[in-house]
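Step one of this worksheet: look at the structure below.
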Number of protein chains: 2
Amino acid sequence: MHIFYTPDITQNTYTLNEEESKHCVRVLRLPVGTIVNLVDGRGGFYTAEITSDNPKKVILFIKQVEREFHKRNHYLHIAVAPTKNIDRIEWFLEKATELGIDEITPIISHRSERRIVKEDRLNKVITSAVKQSIKAYHPKLNEAISFKEFLKIPFDGDMLIAHCIDNEEKKYISELIVPQHKYLVLIGPEGDFTPEEVNLALKKGFKALTLGNNRLRTETAALAACFEINYLNRNEKS
Amino acid sequence: MHIFYTPDITQNTYTLNEEESKHCVRVLRLPVGTIVNLVDGRGGFYTAEITSDNPKKVILFIKQVEREFHKRNHYLHIAVAPTKNIDRIEWFLEKATELGIDEITPIISHRSERRIVKEDRLNKVITSAVKQSIKAYHPKLNEAISFKEFLKIPFDGDMLIAHCIDNEEKKYISELIVPQHKYLVLIGPEGDFTPEEVNLALKKGFKALTLGNNRLRTETAALAACFEINYLNRNEKS
């Protein structure tokens, strides 16, 4: 199955941009008449036929549309401090997209070693995972923001913070969330959040979570939280 | 906390090899008298003091030993087809070590694009994750083996196989396993197991599992199975 990401699709025909057209004709070598699939990132899953294989502008005719394709029963927003080695956040984005996530915000906290993020590059990683795992919804990547500014943004749902400070009360996600709800999870940098940052979040109504006794890297903790929340919302019919 | 991996520790003193000694003295710049920690990979967690900082052979005096440090309540063996891009299996090994795994076997199946694995290199990845996440038990990495040969090895525990063939009965791991048990999970290559391979495994007593509706890459499926089995065995006291 060949998938193209077409966020700006509106008509019953769609013209691939030059890069995608070249990929379609020169790399994939798809001839006129080939049936391909498109996802628009907003829940639309399309079946289309190649009607022109011009390597600069391939034209696709939409034959079928499915709306709200594999719509999720909950909304997960993870705000994570980008890792010093950006590859680690890139793989988190790829894996979280495969497992299911709706929104990601890079947060710059007091102990963040990395304070600059190239959102364009991270978005490319997400888009490629969207295509590879056939997701009709494209996770939203926000611009990096400071932890304190981020806490000022209101959120209507279950708000959780993961931290490693001992002797603080923490609960498992399963004890803290309501199923099929909206969730916001904060994941700190390699050096963890500062006690001040944790207290600030608790004052704002965030609840402290534990992911178990393992000592997890930032990106592993973020993925574990993503996995656990998806697991707790899974429809147990196989 | 500085951690050293000392699998051959037997006495109440230990001499770091030349590479580790150099790292200890030249890179970490740890002086005589510094307290460090050692893990032997067999459950031993040691507190030791540097008594000689010779950059070619650092000598450590063991002050305290904790046996069965964070012993796990179950045994997880994942047999996974190595990915074409070996980085993907390397990160699986790192993440699985962080989250908890006991044994890994690279299996070469009919559709495996990669048929050769450098176990030494993969073991280094595991060891570095063992130190980073402070695990006293070092996961065991077996030599690569063909899928058919692997199935001939008897296993006493819950045996599961993940595959993507439609219209076959599959159940969630939670429906298939007994808690605090031994588990063996088979994860196929990018192109999935062949129907013949799946049938062979089912005949051997493996049960088909589903990880949900997401289309997961090989290494993501392996990590998802690792996460789910650890989750199902988690002691729900926080």
Side-chain angles (χ1 to χ4, degrees), chain A residues 1 3 69-73 87-88 90-92 94-101 128-135 168-176 190 207-238, chain B residues 1 3 69-73 87-88 90-92 94-101 128-135 168-176 190 207-238:
Chain A
M1 176 165 18
I3 295 262
F69 181 75
H70 288 181
K71 187 173 191 210
R72 288 153 54 69
N73 65 354
D87 294 354
R88 296 185 168 278
E90 289 183 2
W91 89 238
F92 161 70
E94 177 183 299
K95 297 312 167 200
T97 301
E98 285 180 60
L99 292 166
I101 193 165
S128 127
V130 159
K131 288 159 69 177
Q132 198 276 334
S133 59
I134 315 174
K135 297 275 192 253
E168 293 268 347
E169 194 208 6
K170 296 173 198 170
K171 289 185 170 170
Y172 285 114
I173 292 175
S174 53
E175 303 171 294
L176 294 171
E190 277 92 340
K207 293 172 180 167
L209 70 85
T210 174
L211 294 162
N213 297 325
N214 296 308
R215 187 176 190 242
L216 304 177
R217 288 176 175 272
T218 290
E219 73 280 6
T220 319
L223 194 68
C226 177
F227 188 97
E228 196 163 332
I229 287 175
N230 278 294
Y231 180 86
L232 292 167
N233 281 282
R234 195 163 69 180
N235 177 353
E236 281 292 340
K237 281 193 228 73
S238 42
Chain B
M1 181 173 3
I3 295 262
F69 181 77
H70 288 180
K71 190 176 188 205
R72 288 153 54 69
N73 66 353
D87 294 354
R88 295 186 169 279
E90 289 184 1
W91 91 238
F92 161 70
E94 176 184 298
K95 297 313 167 201
T97 301
E98 285 180 59
L99 292 166
I101 192 164
S128 125
V130 159
K131 289 160 70 176
Q132 198 275 336
S133 58
I134 314 174
K135 299 273 190 253
E168 292 269 346
E169 194 208 5
K170 297 173 197 170
K171 290 184 170 170
Y172 285 116
I173 292 175
S174 53
E175 304 170 293
L176 294 171
E190 278 91 340
K207 292 172 181 168
L209 69 85
T210 174
L211 293 162
N213 297 327
N214 295 310
R215 189 176 190 242
L216 304 177
R217 287 177 176 273
T218 290
E219 73 280 7
T220 318
L223 194 69
C226 177
F227 187 97
E228 195 161 334
I229 286 175
N230 278 295
Y231 180 86
L232 292 167
N233 281 282
R234 194 162 71 179
N235 176 354
E236 281 291 341
K237 281 193 225 73
S238 42

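Proteins come first, then strands; the chains are lettered A, B, ... in the order of their sequence lines, and each starts at number 1.
In this structure, chain B has no heavy atom under 4.5 Å from any part of A:E169. Both the backbone and the side chain of B:R217 come within contact range of chain A, with heavy atoms under 4.5 Å apart. For a residue to count as touching a neighbouring chain, one of its non-hydrogen atoms must lie under 4.5 Å from one of that chain's; by this rule B:L211 touches chain A with the backbone only. At a 4.5 Å heavy-atom cutoff, A:A129 makes no contact with chain B through either its backbone or its side chain. Looking at B:L209, there are no atoms closer than 4.5 Å to chain A (heavy atoms on both sides), in backbone or side chain.
A distance of 7.5 Å separates OG1 in B:T220 from CD in A:Q132, rounded to the nearest 0.5 Å.
Partner of B:W91 under the side-chain contact (heavy atoms from CB on, under 4.5 Å) criterion, out of A:E219, A:K95, A:R88: A:K95 alone.
Looking at every heavy atom in both residues, B:R234 comes nearest to A:G212 through NH1-N, 4.3 Å.
By the 6.0 Å contact criterion, NZ on B:K207 is open, its count of non-hydrogen atoms from other residues, nucleotides or ligands being 12 or less.
Looking at A:K135 and B:N214, their side chains come closer than 4.5 Å, going by heavy atoms from C-beta outward.
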